[in-house]
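Values in this document were obtained by computation on a predicted structure and should not be read as measured data. Reminder, nothing fancy here: chain letters follow the sequence lines and each chain counts from 1.
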Amino acid sequence: MKNKKVAEMLDQIADLLEFHGQVVFKINAYRKASRVISEMTEDLEQVWKQGRLAEIPGVGKGLQAHIDEFFKTGDIRQRQELLDQSPRELFDLLAVQNFGPKTAALAFRELGVQSLADLQQVIDDGRLAELPGMGEKRVANIRKGLQTLQTAGERVSIGVATPLCQTVMDYLREQSEAQLGRLSPAGSLRRGKESVHDIDLVAETENGANLIQRFVSMPGVTRILGAGDTKGSILFNDRIQIDLRAVPPSSYGAALQYFTGSKEHNVRLREIARAAGYKINEYGIFQAEKNVGGRREEEIYEALGMSWIPPELREDRGEIESALQGKLPELITFEDMKAELHVHSAYSDGQLTLEEMARHVADMGYDYMSFCDHSQSARYANGMEIPRLKEQMDAIRRLNKKMAPFTVLCGVEVDIRADGSLDYSDEVLAELDFVVASIHSAFKTDPTERTIQAMRNPYVDVIGHPTGRLISRREGFAIDLNRILQVGAETGTALEINSYWDRLDLGDINARAAVQAGVKLSINTDAHSPEHLAMVHFGIATARRGWVRKEDVINCLPLSRFKKWQKRSRL
DNA sequence: GCCGTTTTCGGCCCGACTGTTTTCAGTCG
């Protein structure tokens with residue numbers, strides 16, 4: 001799949017055009033096409049071969065020509081030409097906060113700034129400050145931007161951002177009890193994205209200036225990026241930016257809508273509003289000068305003739321059209337979940353005994369669960385030889401007597417070996433209640449074929465973490481998802497949404513493709529200790545971002561129906 | 001560069017904050 005490569009090139013052209021002062025509308029056209037292509041699950045090269053590029057939203061004649069050129073020659077000439085007239089490290093330079101395309105162009109033209117090192121040099125020797133429109137403070141801000149390029153530029157996992165956001169919200173509540181009304185996360189965190197660039201908060205208050213002051217002076221603030229009457233922005237522990245927007249009650253809904261984004265969703269929404277004679281901003285929705293809503297977020301959507309759109313869907317991936325037609329999916333919620341199906345115990349590499357762990361799972365409110373400890377060849381994870389597996393099966397039978405009506409299934413996470421065979425024989429698998437098959441080794445050896453082979457096994461219920469990605473460490477293995485989805489639809493094998501924050505695998509876009517292909521999903525935490533169990537909320541957020549309904553998820557089946565769903569019951 | 005139940009040309013979301021200004025451009029979200 002060259003989708004990512006093409007998207008990256010189009011994005012680079014957007015950066016280059018911006019640097020060269022092109023009109024923003026052209027730049028935005030490139031960025032939009034880049035985003036749409038990066039979110040496609042279909043192989044762009046196939047679409048190109050079939051002459052269907054024009055079907056891609058945002059891709060017109062000009063961009064079709066670029067894409068065509070890329071697949072024929074491996075590059076886009078315009079990109080090369082622009083690169084030749086630009087600083088060597090343009091993309092790095094543009095990543096510096098407070099150093100935008102206009103300033104970069106000025107520094108390049110007047111001082112020959114080509115690289116981050118050049119930029120540091122002209123800051124230090126004072127030449128940058130002498131340019132027109134520059135001054136001491138602007139240069140100081142650019143210097144800070146350069147310093148934090150490494151730390152502050154990286155995305156932070158939802159697993160890190162969520163508790164931090166809660167801490168900040170608790171602090172604001174404590175400090176400002178009397179004058180603080182509604183308070184909510186916004187931005188990509190509220191949309192449930194797997195990683196976030198910053199944390200956004202919206203607060204309801206009549207005294208914004210005061211709240212902003214408390215916010216920017218809270219412990220952990222290592223830099224104040226801005227502090228006005230309605231908006232404060234800080235760097236927390238030199239690592240993550242947190243923005244707080246403070247608005248009066250009459251604007252809270254509008255501000256929450258605006259600040260939740262995504263940017264692309266808001267742009268589409270405002271286009272529709274404008275066409276219908278409305279104007280939306282963070283203070284409300286207006287018809288002529290008349291405020292027709294803004295206290296609650298729902299009012300914005302209702303004024304435009306659509307139902308309220310769950311934040312997880314707000315990515316301009318068709319949710320606005322669906323909302324206008326009243327056809328939004330009813331997304332899965334945690335309350336729909338009847339079971340946790342992938343939990344480890346001390347029989348392999350989990351922390352707790354079966355009973356300890358099972359009690360924690362039951363406390364989550366589920367009706368049943370499945371232990372899925374590792375199979376024999378997973379040496380690194382204390383995988384179970386067959387005698388120990390049998391021992392575990394007996395122990396689980398005894399446990400069920402103690403814990404009824406809560407039901408504990410005896411499952412396994414069986415390794416898919418390098419040759420595509422499974423790590424236990426069919427005879428052994430047949431004795432188990434539930435089987436997750438996962439690739440844990442030989443990532444580069446034909447992962448698609450091995451996965452497909454596992455799916456064809458009658459005892460395999462679920463493919464665990466199907467792409468093998470680790471968000472902070474590695475790309476997934478190169479699987480052909482469309483083929484896997486085809487086979488999944490044939491065999492009835494489900495794919496996992498592994499909720500562990502560093503996996504979230506399948507991700508939102510792939511999960512959506514699975515549902516569209518008619519493949520069931522299984523949302524699990526892969527918990528190795530009790531505190532992991534709460535990560536199910538990240539998995540559910542990811543599923544919701546993938547337009548997943550409870551009907552699509554086997555964990556939402558009552559136990560009796562779950563058993564009927566399994567392939568073995570149809571053998 | 002894209003796109004059309006108001007358009008095949010003329011639009012394209014909207015505002016806060018900052019720093020440099022002398023009325024506003026640049027950056028950011």
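- Using a 4.0 Å heavy-atom distance criterion, A:Ser233 is classed as making no nucleic acid contact.
- Under the Watson-Crick or G-U wobble criterion, with both distances below 3.5 Å, B:dC24 is paired with B:dG19.
- Taking for each of A:Lys102 and A:Lys137 the nucleotide of DNA chain B with the nearest heavy atom, the 5'-most of the two is the partner of A:Lys137.
- Using atom P as the reference point in both B:dT20 and B:dG26, the two lie 14 Å apart (nearest Å).
- The gap from the P atom of B:dC3 to that of B:dT8 amounts to 16 Å, rounded to the nearest Å.
- At a threshold of 4.0 angstrom between heavy atoms, the contacts of A:Arg245 are confined to the sugar-phosphate backbone, with no base atom among them.
- In this view, A:His20 satisfies the ring pair (Phe, Tyr, Trp, His ring centres under 6.0 Å) rule with no residue, not counting sequence neighbours.
- Here A:Ile280 lies in heavy-atom contact (under 4.0 Å) with sugar-phosphate atoms only.
- Comparing B:dT5 with B:dG1, their P atoms are spaced 23 Å from each other, to the whole Å.
- With 3.5 Å as the limit, one finds a donor-acceptor pair spanning the side chains of A:Asn210 and A:Arg214.
- Taking the nucleotide of DNA chain B with the nearest heavy atom to each of A:Tyr30 and A:Gly100, the more 5' of the two is matched to A:Tyr30.
- Comparing the P positions of B:dT6 and B:dC12 gives a spacing of 16 Å, expressed to the nearest Å.
- Using a 4.0 Å cut-off between charged nitrogen and carboxylate oxygen, A:Arg544 and A:Asp508 do not count as a salt-bridge pair.
- With C1' as the reference atom, B:dG11 and B:dT7 are 8 Å apart, rounded to whole Å.
- The aromatic ring centroids of A:Phe71 and A:Trp48 lie less than 6.0 Å from each other.
- Residue A:Asn98 is in sugar-phosphate contact alone, with no base atom involved, counting any heavy-atom pair closer than 4.0 Å across all strands shown.
- Nucleic acid contact for A:Lys263: base, since at least one base atom lies under 4.0 Å from a heavy atom of the residue.
- Remark: the separation of the C1' atoms in B:dC13 and B:dC28 is 15 Å, to the nearest Å.
- Bounding nucleotides for the chain A contact on DNA chain B, 5' to 3', at a heavy-atom distance below 4.0 Å, are B:dG1 to B:dG29.
- A:Asn141 comes within 4.0 angstrom of the backbone, heavy atoms only, and of no base.
- Of the P atoms belonging to B:dG29 and B:dT21, the separation is 24 Å, rounded to the nearest Å.
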When the side chains of residues 92-109 of chain A are checked against the rest of the protein, which donor-acceptor pairs come out under 3.5 Å, sequence neighbours left out?
unit_1, atom_1, unit_2, atom_2, d
A:Asn98, ND2, A:Asn141, O, 3.1
A:Thr103, OG1, A:Arg138, NH2, 3.1

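- Taking a cutoff of 4.0 Å between a charged side-chain nitrogen and a carboxylate oxygen, A:Arg31 and A:Asp15 qualify as a salt bridge.
- No contact: A:Val24 has no heavy atom under 4.0 Å from any strand.
- If you check the side chains of A:His197 and A:Gln241, you find no donor sitting under 3.5 Å from an acceptor.
- A salt bridge is absent between A:Glu8 and A:Arg35: the closest approach of a Lys/Arg side-chain nitrogen to an acidic carboxylate oxygen does not fall below 4.0 angstrom.
- Heavy atoms of A:Lys279 sit under 4.0 angstrom from primed sugar atoms or phosphate atoms, though from no base atom.
- In this structure, A:Ala227 reaches the sugar-phosphate backbone alone: every heavy-atom distance under 4.0 Å involves primed, P, OP1 or OP2 atoms, never a base.
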